[in-house]
Amino acid sequence: MEHMWTLFLLCPFVFFTTVTSEEDNVCFRPQLAANIEMDGIQRYFNPGAELVLSCKQGYSPVSGPRTIVCGASGQWTKTKLICIPKHCPYPDAPVNGELYYEDTVYKSTINYTCNEGYVLIGASSAVCQANATWSAPMPECKALTCGLAPIPKFGLIIYDKLISGNTTDYGVTGTYKCLPPYVVFGNARAECTVSGTWTKMPECRVVTCRPPENIKKGFKSNNEQRDFEFMETVKYGCEGDYALEGSLQIVCQQNGEWSEKPSCKAPCSVGIKRGRILYNGRKLWIGDLQPNRVLHKEIVSVYCMNKARKCGYAVPTQCIDGKLKIPDCFEEPSGVNYTLHSGSLPSEIEQC
Ligand SMILES: *[C@@H]1O[C@H](CO)[C@@H](O)[C@H](O)[C@H]1NC(C)=O
Ligand SMILES: *[C@@H]1O[C@H](CO)[C@@H](O)[C@H](O)[C@H]1NC(C)=O
Ligand SMILES: *[C@@H]1O[C@H](CO)[C@@H](O)[C@H](O)[C@H]1NC(C)=O
Ligand SMILES: *[C@@H]1O[C@H](CO)[C@@H](O)[C@H](O)[C@H]1NC(C)=O
């Protein structure tokens, strides 16, 4: 059965050979290992024919013989020829750079990179060629430099390290200063960047701020209608019981704007008619709070009843810009209960 199968597979060759040759035992073109090759395109060979094998491009023979002979039985003699890939020389990493490779045999690739602050001059990769040489020489890593930093009018730069000559290394930093009364407008810090240029140069400007506006329910320490200089300050205050929130004074900033203004926040009245409150650590009847006014952010407590346990407890609430919310649990007593049975109010009975 197996024999039949083989015969079937070889049928075209058998047909071919019977037509062109009377001999039965011919050798067919041999199957060769991956890296071995032979010349010509001949499909069959007569017994006694010799074939010279060779290694493919980029491969070298390590053991022979390289010749096979077609035997009388139609079988080629065995070959022990082995071809191994050629080796390119071991590569070196460039100074101030790195090298990446997995192998150095034919067709391998090596990649080169440069350390930060260096630019690669040459090819960033090379391939091992059939003649065991690299396709490109080792590149060079050249230090990145910037020229001297540009200087704004009325300004100067102070480098963070000593600079000699007309170039600065990558990563060098400095700080811009302006000659008074000019002020640095922009980023005062500078750096020589990867692209070989300096970060954006600031300008030197005379900075002034427009006269500051007033705030609602407040006043300011200076009402002059003039331009104010950089760093000049103006103070604010609030009328009456209004409380100042924010910074007491504003300053004319580098960008020609004032720093954030404070605001005046309204006081609150405690919106209960009958009851006792806890305020500033004192427990007092609402009628004794004269005037009925607490300041912005101050805390007042009213008393609520825990009906299940028949005890009273204080609930705090805060004055926020004129609004003081009375807690929902607070119940205003009737006038009669307030005057005649004040002892039974939540503020007077046992506290929870
Ligand atoms: C070399 O670089 C190429 C392309 O970036 C990448 O595909 C390959 O894996 C790298 N080889 C090595 C050995 O790093
Ligand atoms: C190796 O082969 C490459 C590409 O075919 C060729 O450019 C180069 O000159 C050859 N080098 C040597 C030393 O033969
Ligand atoms: C720096 O540059 C200036 C003008 O381009 C030149 O006159 C000077 O010789 C240079 N100095 C150095 C140290 O290279
Ligand atoms: C007055 O007090 C009594 C007993 O403490 C209570 O039952 C009643 O509901 C109170 N009335 C009002 C109007 O608060």
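The first residue of the sequence shown is numbered 1, and numbering continues consecutively from there. Note: hydrogens, waters and symmetry copies are ignored here, and every other heavy atom, side chains too, is used. Everything numeric here is computed off the predicted structure, so don't read it as measured data. Counting convention: from 1, in listed order, for ligands and their atoms alike.
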Test item: L32 and P30 side chains (from C-beta on) under 4.5 Å apart, heavy atoms:
yes
Does F228 offer a backbone N or O that forms a donor-acceptor pair with the side chain of T208 under 3.5 Å?
no
Taking only non-hydrogen atoms of T133 and a 4.0 Å limit, the atoms of ligand 2 in range are 1 (C)
Quick check: do E224 and V234 have side-chain heavy atoms less than 4.5 Å from each other?
no
Verify the neighbour count for atom CZ of R66: are there more than 12 heavy atoms of other residues, nucleotides or ligands below 6.0 Å?
no
Taking K261 for the side chain and I250 for the main chain, is one N or O donor matched with an acceptor at less than 3.5 Å?
no
My understanding is that only residues two or more places apart in sequence, or in another chain, count here; which of them pass ring-ring contact (aromatic ring centres under 6.0 Å, His included) with Y100?
none
What does the N/O contact table under 3.5 Å look like for ligand 1?
{"residue": "ligand 1", "atom": "2 (O)", "partner": "N111", "partner atom": "OD1", "Å": "3.4"}
{"residue": "ligand 1", "atom": "2 (O)", "partner": "N111", "partner atom": "ND2", "Å": "2.3"}
{"residue": "ligand 1", "atom": "11 (N)", "partner": "N111", "partner atom": "ND2", "Å": "2.8"}
{"residue": "ligand 1", "atom": "14 (O)", "partner": "N111", "partner atom": "ND2", "Å": "3.3"}

Going by the order shown, which atoms of ligand 2 are within less than 4.0 Å of some heavy atom of N131?
1 (C), 2 (O), 3 (C), 8 (C), 10 (C), 11 (N), 12 (C), 14 (O)
Checking the side chain of Y182 only, and the main-chain atoms of K153 only, is there a donor and an acceptor separated by less than 3.5 Å?
no
